[in-house]
Amino acid sequence: MKYLKFMQKVPVLKHLVNKTISHLASSDASSIANHFSQFLRTELASNNELKAEVFNIRHQVYCEELHFEDENTNRLEQDEFDSHSFHSLIRHVTTNRVAGTVRLITAEQDTDQLPIEVHCMHAITDPDITPASFPRNEICEISRLAVPETFRRRKLDQFQGAATGAINEVLFSERELRCFPYIAICLYLSAALMALHNNKKHCFVMMEPRLARSLTFVGIVFKQLGPPVEYHGKRAAYYINPEMFRENLSEGYIKLLESIERELYPNEQARRLKRKFFKFTWGLRFS
């Protein structure tokens with residue numbers, strides 16, 4: 001993989017290398033999907049007890065580690081957007097610990113605002129794609145993705161306040177470690193499912209451009225709406241809709257998505273979602 005990354009810097013080879021990396025990621029995801037549920041499971045935070053776990057993990061990451069928000073005595077990180085949000089989490093089966101969480105903020109009422117509208121409208125320079133361009137009940141924003149330090153793997157990020165870090169290999173088996181780099185990706189897939197199941201057709205997110213580039217390798221392709229701005233580091237505004245999501249998601253990650261969907265929405269009947277090619281047809285409960 002390090003040689004591919006080196007070759008990626010050569011302009012004439014960049015497109016081919018990107019295709020190769022995407023294929024490798026897709027193939028690996030297909031394998032991961034087969035045993036992901038042995039170690040990790042996804043859940044909707046559908047009651048106050050589960051939401052308290054979500055808010056506690058957010059406090060660990062956003063207050064205690066990254067210091068984006070002030071710490072508080074109850075160790076729960078909450079804000080005004082939680083009242084009109086859906087939350088999901090990933091749990092480590094063996095220890096029952098929360099391995100990550102994400103929320104999807106909606107605007108059901110005319111008075112409901114997305115964080116990007118309150119804090120980062122200056123980051124959107126595309127005049128055609130803004131939250132105000134669409135019906136309020138169809139917009140949403142992915143927010144507060146958090147993975148606690150124990151479940152992060154990258155050796156380059158073993159420092160205080162890093163957005164990602166190293167897995168504690170003493171606590172987890174080598175086989176389990178294969179799943180953990182996929183936690184953040186699975187949280188984005190969970191957010192997509194929450195949007196699809198709640199008929200949210202226009203999704204915004206503020207994130208680092210390098211993360212957006214990484215997500216393209218699995219087929220999650222966002223449209224950048226403006227240049228990076230300073231917002232807890234250099235971040236840019238991005239947009240995605242169901243058509244963009246269904247068109248680009250790679251085949252291996254479709255299997256992973258289906259596995260997550262069965263855990264998040266076990267009582268809903270699957271409906272086929274049409275893809276451009278029949279071999280990419282997958283069973284999202286959305287049309």
Item to complete: Under the side-chain contact (heavy atoms from CB on, under 4.5 Å) rule, what do Leu211 and Tyr188 come out as? Steps first, then yes or no, please.
Response: CA-CA 11 Å; Leu211 174 56; Tyr188 272 100; 3.5 Å; yes
Worksheet item: Mind checking what makes side chain to side chain contact (heavy atoms under 4.5 Å, CB included) contact with Arg213, not counting sequence neighbours?
Response: Pro209, Arg210
Worksheet item: With a 4.5 Å heavy-atom cut-off, do Ser143 and Leu114 have their side chains touching?
Response: no
Worksheet item: Do Tyr62 and His232 have side chains that get closer than 4.5 Å, going by heavy atoms?
Response: no
Item to complete: Mark yes when over 12 heavy atoms from residues, nucleotides or ligands other than Asn96 sit less than 6.0 Å from its CG; otherwise mark no.
Response: yes
Practice prompt. Provide the closest heavy-atom pair for Ser190 versus Thr42 in the form atom of the first, atom of the second, distance.
Written response: OG-CG2, 4.0 Å
Fill in: Candidates Glu77, Glu71, Glu53 - the one meeting salt bridge (Lys or Arg N to Asp or Glu O under 4.0 Å) with Arg58
Glu77
Practice prompt. Nearest 0.5 Å please: distance from the OG atom of Ser214 over to the CD1 atom of Ile185.
Written response: 8.0 Å
Worksheet entry | Between CG on residue Asn137 and CG on residue Asn199, distance to nearest 0.5 Å | 9.0 Å
Discussion item. Tell me the closest heavy-atom pair linking Ser88 and Thr101, and the distance in Å.
Written reply: O-OG1, 2.9 Å
Discussion item. Are Leu187 and Val147 packed together at the side-chain level, in the sense that at least one heavy-atom pair is separated by less than 4.5 angstrom?
Written reply: yes
Worksheet item: Could you give the distance from CZ (Phe222) to OG1 (Thr216), rounded to the nearest 0.5 Å?
Response: 11.0 Å
Discussion item. To check you understand the geometry: which heavy-atom pair defines the closest contact between Ile183 and Ala99, and what is its length?
Written reply: CG2-O, 3.6 Å
Worksheet entry | Leu50 vs Arg91, side-chain contact (heavy atoms from CB on, under 4.5 Å): CA-CA, chis, key distance, verdict | CA-CA 11 Å; Leu50 290 172; Arg91 192 181 300 278; 3.5 Å; yes
Worksheet entry | Ionic contact status for Asp82 with Arg144, cut-off 4.0 Å | no
Fill in: Pairwise side chain to side chain donor-acceptor pair (under 3.5 Å) hits with a residue in residues 123-136, at least two apart
Glu117-Arg136, Thr130-Ser133
Worksheet entry | Val118 side chain reached by Phe81 side chain, heavy atoms, under 4.5 Å | yes
Discussion item. Please report the interatomic distance CD1(Ile260) to SG(Cys186), rounded to the nearest 0.5 Å.
Written reply: 4.0 Å
Practice prompt. Give the C-alpha distance, both sets of side-chain angles, the deciding distance and a yes or no for ring pair (Phe, Tyr, Trp, His ring centres under 6.0 Å) between Phe55 and His87.
Written response: CA-CA 10 Å; Phe55 300 149; His87 307 268; 5.6 Å; yes
Fill in: Which atom of Leu104 lies closest to which atom of Ala191, heavy atoms considered
CD1-O, 4.0 Å
Fill in: Side-chain donor/acceptor of Glu138 to backbone N/O of Lys201, under 3.5 Å
no
Practice prompt. Output the distance between atom CG (Leu66) and atom CD (Glu149), rounded to the nearest 0.5 Å.
Written response: 10.0 Å
Discussion item. Using the rule given for side chain to side chain donor-acceptor pair (under 3.5 Å), can you reason through His59 versus Glu64, listing the C-alpha separation, both sets of side-chain angles and the distance that settles it, and then say yes or no?
Written reply: CA-CA 6 Å; His59 189 276; Glu64 299 171 32; 2.8 Å; yes
Worksheet item: If Ile, Leu, Val, Met, Phe, Trp and Tyr residues are connected whenever their side-chain heavy atoms lie under 4.5 Å apart, and connections chain through other members, are Tyr238 and Met121 in the same group?
Response: yes
Discussion item. Rounded at 0.5 Å granularity, tell me how far CZ in Arg235 sits from CE in Met207.
Written reply: 10.5 Å
Worksheet item: Looking only at heavy atoms, which two atoms of Pro131 and Phe204 are closest? And how far apart?
Response: N-CZ, 3.5 Å
Worksheet item: Are Leu257 and Phe245 close enough that some pair of their side-chain heavy atoms sits under 4.5 Å apart?
Response: yes
Worksheet item: CD of Glu49: more than 12 outside heavy atoms within 6.0 angstrom?
Response: no
Practice prompt. For Ile139 and His202, run side-chain contact (heavy atoms from CB on, under 4.5 Å): C-alpha distance rounded to whole Å, both residues' side-chain angles, the deciding distance at 0.1 Å, then the answer.
Written response: CA-CA 5 Å; Ile139 64 173; His202 307 281; 4.2 Å; yes
Worksheet entry | Least distance between heavy atoms, Pro228 atom then Ala236 atom | CA-CB, 4.0 Å
Worksheet item: Do Ile240 and Val221 come within less than 4.5 Å of each other through their side chains, counting heavy atoms only?
Response: no
Worksheet item: Do any pairs count as a side chain to side chain donor-acceptor pair (under 3.5 Å) and have a residue in residues 105-116, sequence neighbours left out, and if so which ones?
Response: Glu108-Lys200
Worksheet item: Are any of the side-chain heavy atoms of Val229 and His122 separated by less than 4.5 Å?
Response: yes
Item to complete: Would you indicate whether Asn47, at its atom CG, is surrounded by more than 12 heavy atoms from other residues, nucleotides or ligands within a distance under 6.0 Å?
Response: yes
Practice prompt. I would like to know whether Ile90 and Arg41 meet side-chain contact (heavy atoms from CB on, under 4.5 Å); could you show each step before the answer?
Written response: CA-CA 6 Å; Ile90 294 178; Arg41 70 172 184 268; over 6 Å; no
Worksheet item: Side chains of Leu44 and His197: does their closest heavy-atom pair fall under 4.5 Å?
Response: no
